[in-house]
**Q** 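Encoded as structure tokens, here's the structure I'll be asking about.
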Amino acid sequence: MENDPDVDDAYAMSSAAEVKALYRTWSHSYDTGFHDGQGYQLPRTVAMAFQGAGGQGPILDVGAGTGLVGAHLANAGIRPVDGIDLSDEMLQVAAMKGHYRTLQTGDVTTTLDLPAQHYNGIVSAGTFTLGHVGPAALENLLPVAAPGALFVISVNSVHFDKAGFGQALNGFGDRVHDLTTRDIRIYDDRADDHHRNDMARLISFRKA
């Protein structure tokens, strides 16, 4: 609809309260208006990269939203997947799709109430971006990942540089291995002219 939020509204957020309010409004139209309308392809790219690297469950989908990554993982036969997101309304949409084992509302910028060393995979599409989550959250994810767990996370390219993700990744040292990055398009050619060529940095590594 004409007054629905858009990606520019999302990039302008500066607090968790603003993010919650935005996605409370956006949840009902996110899949059709944004994912389909803008050709938002990050969820598929992240899921396929996880599959291609031999990722296995159980998996934590960080910033699961309406469950777009979980749907692609389920279609590839990769289960079980748990989801966490700041927005309860977005997770309600994800729950209706039936692809997740559990869904919980939570803030990944704080210590997570999740079992230690439980997950063999950590995935995220679109959460590490402008107005949302910075590199410090990666430290909160390491404790819930099992040794050898595969991380596949997209980071908005502008955010990657501005927020210091490169420095944060270097700071992991020998706690991770097989670290790779590559640039990917966030949207396909359905996107509007302003965002059609927006890029993300796809980060992949394994916990030591």
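Given the structure is predicted, the values throughout are model-derived calculations rather than measurements.
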**Q** Closest heavy-atom contact between Ala125 and Ser154?
**A**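 Closest pair (atom of Ala125, atom of Ser154, distance): CA-OG, 3.4 Å.
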
**Q** Inspect the surroundings of CZ in Arg185 and state if more than 12 heavy atoms from other residues, nucleotides or ligands are less than 6.0 Å away.
**A**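 Yes, CZ of Arg185 has more than 12 neighbouring heavy atoms, counting only those of other groups under 6.0 Å.
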
**Q** Just so I know, are the side chains of Lys97 and Leu68 near enough to count as touching, which here means a heavy-atom distance under 4.5 Å?
**A**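 In contact.
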
**Q** Side chains of Ile203 and Phe128: does their closest heavy-atom pair fall under 4.5 Å?
**A**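 Not in contact.
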
**Q** Would you give the length of the straight line joining atom CD of Gln167 to atom CG of Asp161, rounded to the nearest 0.5 angstrom?
**A**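 One gets 12.5 Å once the value is rounded to the nearest 0.5 Å.
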
**Q** For the atom pair CG (Leu202) and CZ (Phe160), what is the distance rounded to the nearest 0.5 Å?
**A**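 So the CG of Leu202 and the CZ of Phe160 are separated by 11.0 Å.
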
**Q** Do His118 and Pro58 touch side chain to side chain, with heavy atoms closer than 4.5 Å?
**A**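 Yes, at least one pair of side-chain atoms sits under 4.5 Å.
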
**Q** Step by step, would you call Asp85 with Ser87 a side chain to side chain donor-acceptor pair (under 3.5 Å)?
**A** CA-CA 5 Å; Asp85 196 276; Ser87 170; 4.6 Å; no

**Q** Check step by step if side chain to side chain donor-acceptor pair (under 3.5 Å) holds for Asp82 and Tyr119.
**A** CA-CA 9 Å; Asp82 296 337; Tyr119 292 101; 2.7 Å; yes

**Q** Between Arg79 and Leu73, is there a side-chain heavy-atom distance shorter than 4.5 Å?
**A**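 In short, these two side chains do not touch, never coming nearer than 4.5 Å.
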
**Q** I'd like to know if the side chain of Arg101 reaches the main chain of Val81, judged simply by a donor and an acceptor atom lying under 3.5 Å from each other, with no hydrogens or angles considered.
**A**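 Side chain of Arg101 to backbone of Val81, a donor-acceptor pair under 3.5 Å: no, none is there.
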
**Q** With side chain to side chain contact (heavy atoms under 4.5 Å, CB included) as the test, pick out the partner of Ile84 among Val108, Thr102, Asp113.
**A**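 Checked Val108, Thr102, Asp113 against Ile84; only one passes side chain to side chain contact (heavy atoms under 4.5 Å, CB included): Val108.
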
**Q** Do other residues, nucleotides or ligands put more than 12 heavy atoms under 6.0 Å from the CD atom of Gln56?
**A**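 Count not over threshold, so no.
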
**Q** Between the main-chain N or O of Val62 and the side-chain N or O of Thr127, is there a donor-acceptor pair closer than 3.5 Å?
**A**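 Checked: pair present.
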
**Q** When clusters are formed by joining ILVMFWY residues with side-chain heavy atoms under 4.5 Å apart, either directly or through shared neighbours, do Phe151 and Met48 land in the same one?
**A**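 In one cluster: no.
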
**Q** First locate atom CG of Asp178, then atom OG1 of Thr180, and finally report the distance between them rounded to the nearest 0.5 Å.
**A**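 Between Asp178 CG and Thr180 OG1, I get 8.0 Å after rounding to 0.5 Å.
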
**Q** Minimum heavy-atom separation for Ala94 and Gly67, please, with both atom names.
**A**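 So the two residues come closest at CB-N, 3.6 Å.
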
**Q** Can you name the closest pair of heavy atoms from Ala49 and Arg182 and give their distance?
**A**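 Closest heavy-atom pair between Ala49 and Arg182: CB-NH2, 4.1 Å.
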
**Q** Looking at Lys207 and Arg175, would you say the former's side chain and the latter's main chain have a donor-acceptor pair under 3.5 Å?
**A**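 No, the answer is negative, given that no donor and acceptor are paired below the 3.5 Å cut-off.
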
**Q** So which atom in Ser124 and which in Val46 form the shortest heavy-atom distance, rounded to 0.1 Å?
**A**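 Heavy-atom minimum between the residues: O-CG2, 3.7 Å.
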
**Q** Measure centre to centre between the rings of Phe50 and His72, then say whether the value is under 6.0 Å.
**A**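 Not close enough - the centres of the two rings lie 6.0 Å or further apart.
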
**Q** Look up atom CD in Glu89 and atom OG1 in Thr105, then write down how far apart they are to the nearest 0.5 Å.
**A**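 OG1 of Thr105 is found 8.0 Å from CD of Glu89.
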
**Q** With a 4.5 Å limit on heavy-atom distance, are the side chains of Met90 and Thr66 in contact?
**A**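 In short, these two side chains touch, coming nearer than 4.5 Å.
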
**Q** Using the rule that Ile, Leu, Val, Met, Phe, Trp and Tyr join whenever any side-chain heavy atoms are under 4.5 Å apart, tell me whether Met199 and Leu42 fall into a single cluster.
**A**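 Hydrophobic grouping puts Met199 apart from Leu42.
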
**Q** How about Ile59 and Val69: do any of their side-chain heavy atoms sit closer than 4.5 Å?
**A**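 No, side chains not in contact.
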
**Q** Supply the atom-to-atom distance Ser157 OG to Asp198 CG, rounded to the nearest 0.5 angstrom.
**A**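 The OG atom of Ser157 sits 9.0 Å away from the CG atom of Asp198.
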
**Q** Quick one: do Phe172 and Ile153 end up in the same hydrophobic cluster if we chain Ile, Leu, Val, Met, Phe, Trp and Tyr together by side-chain heavy atoms under 4.5 Å apart?
**A**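 In one cluster with Phe172: Ile153, yes.
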
**Q** Considering non-hydrogen atoms only, spot the tightest contact between Gly121 and Ala149 and give its length.
**A**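 Scanning both residues completely, I find the closest heavy atoms to be N-CB, 4.3 Å.
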
**Q** Quick check: closest heavy atoms across Gln117 and Pro147, and the distance to 0.1 Å?
**A**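 Smallest heavy-atom distance, with atoms named: OE1-CD, 3.3 Å.
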
**Q** Is there a donor-acceptor pair closer than 3.5 Å between any side-chain N or O of Asn120 and the backbone N or O of Gly57?
**A**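 The answer is yes, because a donor-acceptor pair under 3.5 Å joins these two groups.
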
**Q** Roughly how far, to the nearest 0.5 Å, is the CG atom of Leu138 from the CD1 atom of Ile122?
**A**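 The CD1 atom of Ile122 sits 10.5 Å away from the CG atom of Leu138.
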
**Q** Counting C-beta onward and ignoring hydrogens, is there a side-chain heavy-atom pair between Leu150 and Ser204 closer than 4.5 Å?
**A**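 With C-beta onward as the side chain, the pair touches.
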
**Q** When you measure from the side chain of His159 to the backbone of Val133, do you find a donor-acceptor pair of N or O atoms at a distance under 3.5 Å?
**A**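 Side chain of His159 to backbone of Val133: a pair is present.
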
**Q** Indicate whether the side chain of Tyr100 and that of Asp61 have a donor and an acceptor atom separated by less than 3.5 Å.
**A**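 Looking only at side-chain atoms, Asp61 and Tyr100 do form a donor-acceptor pair, the distance falling under 3.5 Å.
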
